[in-house]
Amino acid sequence: MRDSIEGISRRRLMAGAAILAAPAILPRRVFADEPVVDLHSPSGNSLRHISSAFPEKGPMIVHRTRPNWLEPRFEIFDKGVFTPNNQHYVSWHYQTFPTEVDPDKFTLAVRGHVEKPLTISMKDLLAMPRISLAAVSQCAGNSRLYFEPGVAGAPWANGSMANALWTGVPLRHVLDLAGIKPGAQVIRFAGADESPAEDTPRFMKSLSIDHARDGEVMLAFGINGEQLPLLNGFPLRLVVPGWVATYWIKALNDIEVLDQPDTNYWTVKGYRFPDVPDHTVAPGQTGYNLVSITKLFPRSFVTNLKDGDKVASGKPVYLRGIAFGGDCGVAKVELSLDGGQSWQAAKLGKDEGKYGFRRWESNLALPGTGAHAVSVRCTNSKGEAQPLKTTWNPQGYMRFNVETIKLTAA
Amino acid sequence: MIRTYALAAVLLMAGAAAQAGDLKTLKKINFDMPDDSAITFPAGPGEEAISGNCLACHSADHVMNQPPMDREHWHEVVEKMIKAYKAPITEEDAATIVDYLVRVKGKKE
C-alpha cells in the first residue's frame with residue numbers, strides 16, 4: 001500500500017464519513033489530504049480528487065477508484081505531443097487483474113481457426129520483428145462530462161486521451177506464424193481482467209482479418225521506450241492505430257481466430273452509438289439504429305490557455321494546442337472568433353506520425369477589449385472536419401465537435 | 001514554447017528513440033492498489049441495499065460521480081447492471097436502490 005493511503009488515520013476516515021453524509025459536497029474523502037479540482041461540468045458533477053496513490057502514476061484526477069478511471073490534469077497536454085507514461089489516463093472495466101506480473105511466466109495464446117495454435121512467451125515476443133509508431137489512445141467516452149443533459153458512464157473531462165510512441169510486434173507476424181485457416185471470419189482479443197461476478201461477460205473485442213493483418217495493428221510491450229505501466233496493460237496490449245481505445249485490449253493474453261461472427265456482449269451490444277450524421281441525436285429521440293464505434297474522429301484543443309482566462313489587450317494573444325486527425329493525419333487547424341463564420345489557419349508543428357497528436361500555434365489578434373470566444377477546428381487529411389454543432393448521444397460517446405473557450409482581453 | 005517544456009519533450013523523445021529498438025527484457029512488477037473501503041455511500045434509507053449490491057464490481061465514487069439523473073434513467077442503469085452485467089440483485093433491492101439514487105443523485109426538475 002502506498003503511504004498516502006496507508007497513512008489515513010481512523011479519525012480521518014470518520015471525518016470522511018461525515019462529509020459523505022452530505023452529497024452536495026464531495027461524496028468521498030478517502031484521499032483526505034489530496035487536492036480537489038473543479039472540472040466545470042454543465043450537469044454539476046464537477047468536483048474530483050487528484051490523487052498520487054496509484055502505482056506508477058503521478059497526480060491523477062480520480063473518477064473511480066476501483067476499477068480505475070484516472071485522467072491527468074489537462075495542463076499536461078501543453079507540455080508536448082507525447083503524453084508521459086505516468087500521466088497516461090487509465091480505464092478498466094473489471095477490477096480483477098494481476099498486479100504482480102512476472103514477464104518470464106507470461107504467455108499469449110493464439111488459438112481457434114488456425115493451422116498451428118501457439119503459446120507465445122514474452123521472450124519469444126521480444127525476439128520477433130518489431131515496429132514503433134506514435135498513436136493516440138482515446139476512450140470512447142472522453143469528454144462525457146460535458147454532455148448536456150448529462151449521461152451515465154465514465155464521467156471523463158477531456159483527458160482520457162494520450163499519445164505515445166508504441167513499440168511491439170505487428171499482429172500480422174504472429175497470425176502468420178499460427179496460419180489463419182480458410183473460412184476464418186474475425187479475430188477476437190481478450191485480456192487478464194475479470195469481473196468479480198461469475199456471469200459478467202468477459203471483456204472482448206474483435207477485428208476483421210484484413211484489419212488485424214494491416215501491419216500496423218500491434219502487440220505492444222513498449223511505450224515511449226519503457227515497458228507498459230501496470231495500469232496501461234502490462235505486459236502486453238493491443239494497439240489499433242486510429243481506432244478507439246476500446247479495442248486496445250490491456251493485459252492481452254488471448255487471441256482467438258473465429259470461423260463465425262463474434263457474438264460476445266461487448267462486440268455486439270457494448271460501445272455502440274447512433275448511426276446518424278455526427279452520431280448526434282436529441283435527448284429522448286427514438287427511431288434510429290445503433291452502430292459500433294470504430295475509428296477516432298478529428299479533435300483539437302487549446303492547451304496553453306483555458307476557458308475564462310484573462311489576456312492582455314492591444315497585442316496578439318499567443319495560442320497553442322494539440323490536434324489529432326483520427327484514423328489519418330491532421331491537414332489543418334483553424335481558429336475562429338465569430339462562432340465559425342470565418343476561420344484563420346494556425347501553424348502546424350512537426351509531424352510525429354499520422355496517428356499521433358500534432359502541435360499547433362497561432363498569434364491571434366483579438367478585436368478590442370472584453371470577452372472573446374475562441375473556437376478551434378481540426379480538419380483531417382481525408383477532409384473530415386470537426387462539426388460546429390455540439391455532438392450528443394445518450395451513450396455519451398465520441399464528442400468531437402469544435403471546442404470553444406472564452407478569453408477576456410483587458 | 002516555454003523552455004523547460006521543450007527540454008522535457010526533447011529528453012523524452014531522445015530516450016524513446018534510443019530505447020524503443022532495444023527494449024530487450026521486461027522487469028517483473030508487484031504493486032498494491034489503493035484501498036477504497038473508506039469510500040462509502042451517504043447514509044440514509046436504502047444505503048444498506050446499495051452498499052450490499054453495488055460495491056462488488058465498482059467503488060462508491062463511481063456512482064457518486066455520475067451526473068444527477070431522473071428516476072427513469074436510474075432505473076435503466078440498475079436494470080443494465082442486472083441484465084447486461086449479471087449483477088445478482090433481487091427485484092426488491094433494485095427498487096430500493098432506485099429510490100435511494102433518485103433521492104441522493106436525482107435530477108432536480
Side-chain angles (χ1 to χ4, degrees), chain A residues 1-2 5 8 13 16-17 20-23 27-28 30 41 43-45 48 51 53-56 62-67 69 78-82 84 95 99-103 122 126 132 149-152 155 165 167 195-197 199-201 221-222 224-227 230 234-235 265 269, chain B residues 1-2 4-6 8-10 12-44 55-69 73-74 76-77 80 84-88 103-105 107:
Chain A
M1 201 96 344
R2 288 289 176 106
I5 297 296
I8 293 176
L13 292 186
L20 285 167
R28 71 259 172 271
V30 65
S41 162
S43 326
N45 54 328
R48 299 285 187 278
S51 171
F54 294 87
E56 300 172 284
V62 182
H63 296 293
R64 177 170 80 181
T65 311
R66 168 181 57 87
W69 276 340
D78 193 48
K79 295 188 182 180
V81 291
F82 286 94
Q95 67 197 50
T99 56
E100 179 177 3
V101 184
D102 181 351
M122 186 50 74
L126 289 164
S132 287
V151 297
L165 185 70
T167 298
S195 166
D199 299 330
T200 312
F221 45 73
N224 296 326
E226 293 173 5
Q227 65 185 37
L230 165 68
F234 185 80
Y265 173 84
K269 294 262 163 105
Chain B
M1 204 189 250
I2 298 170
T4 50
Y5 290 174
V10 166
L12 173 64
M13 280 320 294
Q19 289 168 39
D22 48 53
L23 194 62
K24 288 211 174 67
T25 55
L26 304 185
K27 287 188 292 291
K28 191 179 158 164
I29 59 161
N30 186 7
F31 293 111
D32 284 323
M33 298 295 276
D35 175 3
D36 60 88
S37 56
I39 307 173
T40 54
F41 285 108
L55 292 178
C57 302
H58 38 62
S59 49
D61 48 356
H62 161 79
V63 176
M64 296 308 293
N65 285 335
Q66 295 298 311
M69 291 187 288
H73 284 93
W74 277 121
E76 264 176 33
V77 164
K80 185 176 176 184
Y85 305 135
K86 313 292 178 197
R103 188 169 60 76
V104 172
K105 290 288 300 178
K107 189 171 187 167

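Just so it is clear: chains get the letters A, B, ... in the order the sequence lines come, proteins before strands, and each one is counted from 1.
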Report task. Using atom types as modelled and distance alone, determine if a side-chain donor or acceptor of D102(A) lies under 3.5 Å from a backbone N or O of K28(B). Result -> no
Query raised in the report: Which of parallel (below 30°), tilted (30 to 60°) and perpendicular (above 60°) describes W69(A) and H62(B)?
Result: tilted
Query raised in the report: Hey, are the side chains of P235(A) and Q227(A) touching, using non-hydrogen atoms and a 4.5 Å cut-off?
Result: no
Query - Atom pair CD (E56(A)) and CD (E226(A)), whose distance is rounded to the nearest 0.5 Å - result: 9.0 Å
Requested in this report: Tell me, for K80(B) versus chain A, whether the close heavy atoms (under 4.5 Å) come from the side chain, the backbone, both or neither.
Outcome: side chain
**Report entry** When G150(A), A152(A), S43(A) are compared by non-hydrogen pairs under 4.5 Å with chain B, the top option
**Finding:** A152(A)
Requested in this report: Using a cut-off of under 4.5 Å on heavy-atom pairs, state which of P68(B), P67(B), P88(B), A84(B) scores highest against chain A.
Outcome: P67(B)
**Report entry** Heavy-atom proximity to chain A below 4.5 Å, by part of H58(B)
**Finding:** both
Requested in this report: Against chain B, label L230(A) side chain, backbone, both or neither, depending on which of its atoms sit under 4.5 Å from a heavy atom there.
Outcome: both
Query raised in the report: Does any heavy atom of chain B fall under 4.5 Å from the side chain of S41(A), the backbone, both, or neither of them?
Result: neither
Requested in this report: Measure the CG-CZ distance between L26(B) and F221(A) for me, rounded to the nearest 0.5 Å.
Outcome: 7.5 Å
Requested in this report: First locate atom CE of M69(B), then atom NZ of K105(B), and finally report the distance between them rounded to the nearest 0.5 Å.
Outcome: 8.0 Å
Report summary line: The interface call for A87(B) against chain A, heavy-atom contacts under 4.5 Å, is neither
